[in-house]
Amino acid sequence: MADIIRLLPDHVANQIAAGEVVQRPASVVKELLENSVDAGATKIELVVEEAGKTRLQVIDNGFGMSPADARMAFERHATSKINLAEDIFRIRTKGFRGEALASIAAVAKVQLKTRSEEAELGTEIKIEGGQLEKQDFCQCPKGTRVAVDSLFYNIPARRNFLKSDAVELRHIIDEFERVALAHPDLHFRMVNNGHDLFDLPPEGRRQRIVHIFGKRFREKLVPAQEKTPILALEGFIVKPEFARKTRGEQFFFANGRFIRNTYLHKAVLQAFEGLLPDGAQPGYFLYLELDPNRIDVNIHPTKTEVKFEDDRAIFTIIRTALKHALGQYSITPSLDFEADRTYRNTPPPTEKPSAPGITINPHFNPFEQGNFRGSASQNKPISRDSQEWESLLNQLPEVPQTGQGQMAIPASAGENSGKVFLQIGKKYLVSKHGQGTLMVHQNRAHQRILYEKLLRNLASANVASQQLLFPENISLQAGELELLEAYFPALRAMGFDVDRFGQGGLVIQAVPLALEGLPLQAMIEEILENEKNLQESPEESQKEKMAQIMAKVAALRSGTFLAADQRAQLVDELFACESPYFSPEGKKVVVHTDLADFDKAFD
Ligand code: ADP
Ligand code: MG
């Protein structure tokens with residue numbers, strides 16, 4: 001048989017390699033930004049057009065390249081960053097595989113302009129689909145400018161695979177933020193379709209975080225640090241009360257590189273254990289410095305997944321440091337008797353030791369909430385004396401809570417069913433029903449009611465909306481407006497009058513009739529939190545998801561007192577719904593018990 005094995009031509013090999021390195025415009029952004037950081041730039045600018053599908057450009061003031069290097073840079077395995085195989089164990093730069101530029105040039109039209117400090121003239125190179133089109137001298141400032149046009153123009157299958165502009169832009173912003181957070185000492189700028197998205201002057205880590213994620217972060221951050229022979233840890237955690245449900249801000253950096261590591265993420269989760277509301281994610285920005293010899297960043301071409309030699313020790317250090325940080329800022333819940341005693345073995349700074357003595361609190365009531373444990377520790381027997389009954393009775397008349405971002409239940413037009421409902425724990429409504437009881441989850445019931453109203457709104461051509469007396473301006477973090485704009489059509493279809501307003505903000509002038517009093521800021525935040533989720537669902541169910549989000553934000557919360565007639569109205573409206581038994585998210589709204597359940601309970 002004839003010999004059939006051949007070496008792949010370079011441009012084919014590069015295209016194949018590109019599949020690993022360049023998945024989407026954001027991957028190009030990551031590689032180019034990292035090259036600029038490696039080139040010692042102090043100012044780096046990213047220019048994005050149409051989510052990088054048309055053009056991506058990175059401009060830096062780094063040390064540039066000689067004409068020969070400029071050409072070499074596009075060869076596969078061409079790198080100035082390592083010489084010996086052992087060098088990869090000492091790596092301090094972002095790149096070192098020498099694959100990025102070759103891969104990008106294999107799947108796009110690339111133009112490079114670069115000049116080093118000493119050279120009078122710069123070099124211009126054009127490469128399309130891996131083929132050199134032009135190399136010439138040019139006039140250009142010191143540094144390097146790489147423009148990547150028409151990504152995947154020669155691989156239609158990959159181009160078609162790209163997601164909507166909003167999704168691709170989100171990925172680009174993610175990469176930009178990671179590099180910018182890793183290097184707060186450098187000036188970063190990002191321009192999207194001619195608008196300034198970020199302009200981040202050199203600053204400290206805390207300012208950089210606040211600059212990127214908004215002023216709201218100023219009060220949210222708690223510093224954490226720890227220094228051990230194997231690891232220096234610095235950074236910030238987000239106070240648990242600000243934890244987000246989804247898309248939490250979670251950043252690990254190792255030696256200046258954003259990394260992903262599920263094992264270390266678990267260390268954070270353990271430190272936060274018991275402090276986060278259900279389903280919430282901790283937020284963190286943690287910078288690890290350790291001997292590069294003891295990290296393996298080589299296990300994945302994009303180098304975000306890394307392995308640590310001492311991962312167990314690192315795990316413990318992180319967990320302990322964060323627990324300490326959480327404790328120091330006394331954001332842990334007050335200690336109770338069961339609490340882990342090793343947890344805070346030094347008193348927090350504000351607690352001064354005082355001489356033992358006896359103080360008497362004349363208002364002390366052992367049955368007031370939170371005092372039970374206190375009284376137990378004083379060995380006072382808890383007696384069922386009249387005081388207890390009195391304090392219980394005192395709790396009965398409750399003051400209705402209104403406003404505060406919660407919506408009142410609209411008065412229903414018709415008569416209500418006349419059933420009498422007890423409100424239990426300001427959370428459940430219970431009534432006698434047949435031979436047993438009917439129990440309703442008030443928050444979920446209201447979610448269901450609002451959800452169906454919104455869907456009806458969406459279905460009708462003529463949406464009932466209500467002009468706001470005071471239009472609400474909502475300011476957003478950089479990049480958020482661009483993401484939200486994708487939902488303007490859906491929001492308008494639901495009855496919102498929403499538009500861009502000024503630089504990076506939006507204004508809402510009218511809301512759907514069903515959602516008067518809706519806390520708009522909270523709604524927008526919730527949409528942003530669920531944005532990835534929304535993007536990934538088809539257009540039709542996108543609207544349903546949106547209605548779900550709004551119903552959730554607007555619904556009466558658990559813990560809201562309802563007057564007797566409001567209870568009955570809520571239940572009546574619930575049973576007027578098409579699917580009263582489940583919340584929009586599919587959780588139980590109604591539970592029946594019958595006589596047999598009572599009998600069982602008394603067995
Ligand atoms: P790597 O970064 O892994 O070395 P790349 O393909 O990203 O590989 O880049 C190849 C080489 O091109 C780099 O090693 C560097 O010498 C040079 N280079 C790339 N981008 C720049 C830049 N912005 N400024 C100066 N030199 C650069
Ligand atoms: Mg590189």
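Ligands are counted one by one from 1 in listed order, and the atoms in each one are counted from 1 as well. Keep in mind that what you see is a predicted model, and the values were worked out from it rather than measured.
Ionic pairing of R170 and E177 is present here: one or more N-O contacts between side-chain nitrogen and carboxylate oxygen are shorter than 4.0 angstrom.
Between the side chain of R294 and the backbone N or O of D310 there is no donor-acceptor pair closer than 3.5 Å.
Listed by chain and number, the residues in a ring pair (Phe, Tyr, Trp, His ring centres under 6.0 Å) with F198 are F176 (sequence neighbours excluded). With sequence neighbours left out, D149 forms a salt bridge (Lys or Arg N to Asp or Glu O under 4.0 Å) with R55.
Of all the atoms in ligand 1, the ones that sit under 4.0 Å from a non-hydrogen atom of A100 are 6 (O), 7 (O). Ligand-side atoms of ligand 1 in range of A39: 22 (C), 24 (N), 25 (C), range being under 4.0 angstrom from any heavy atom.
Side-chain atoms of M550 and L491, non-hydrogen and from C-beta on, do get closer than 4.5 Å to each other.
Contact between G64 and ligand 1 is present, with at least one heavy atom of the residue lying under 4.0 Å from the ligand. Residue E31 places no heavy atom under 4.0 Å from ligand 1.
D199 and H211 form no side-chain donor-acceptor contact under 3.5 Å, judged by distance and modelled atom types alone.
Contacts with ligand 1 closer than 4.0 Å are made by heavy atoms of both the backbone and the side chain of L101.
With atom 7 (O) of ligand 1 as the reference point, the heavy atom nearest to it among D60, L112, N35, V37 is part of N35. Taking only non-hydrogen atoms, the option from E75, M65, R145 nearest to atom 26 (N) of ligand 1 is M65.
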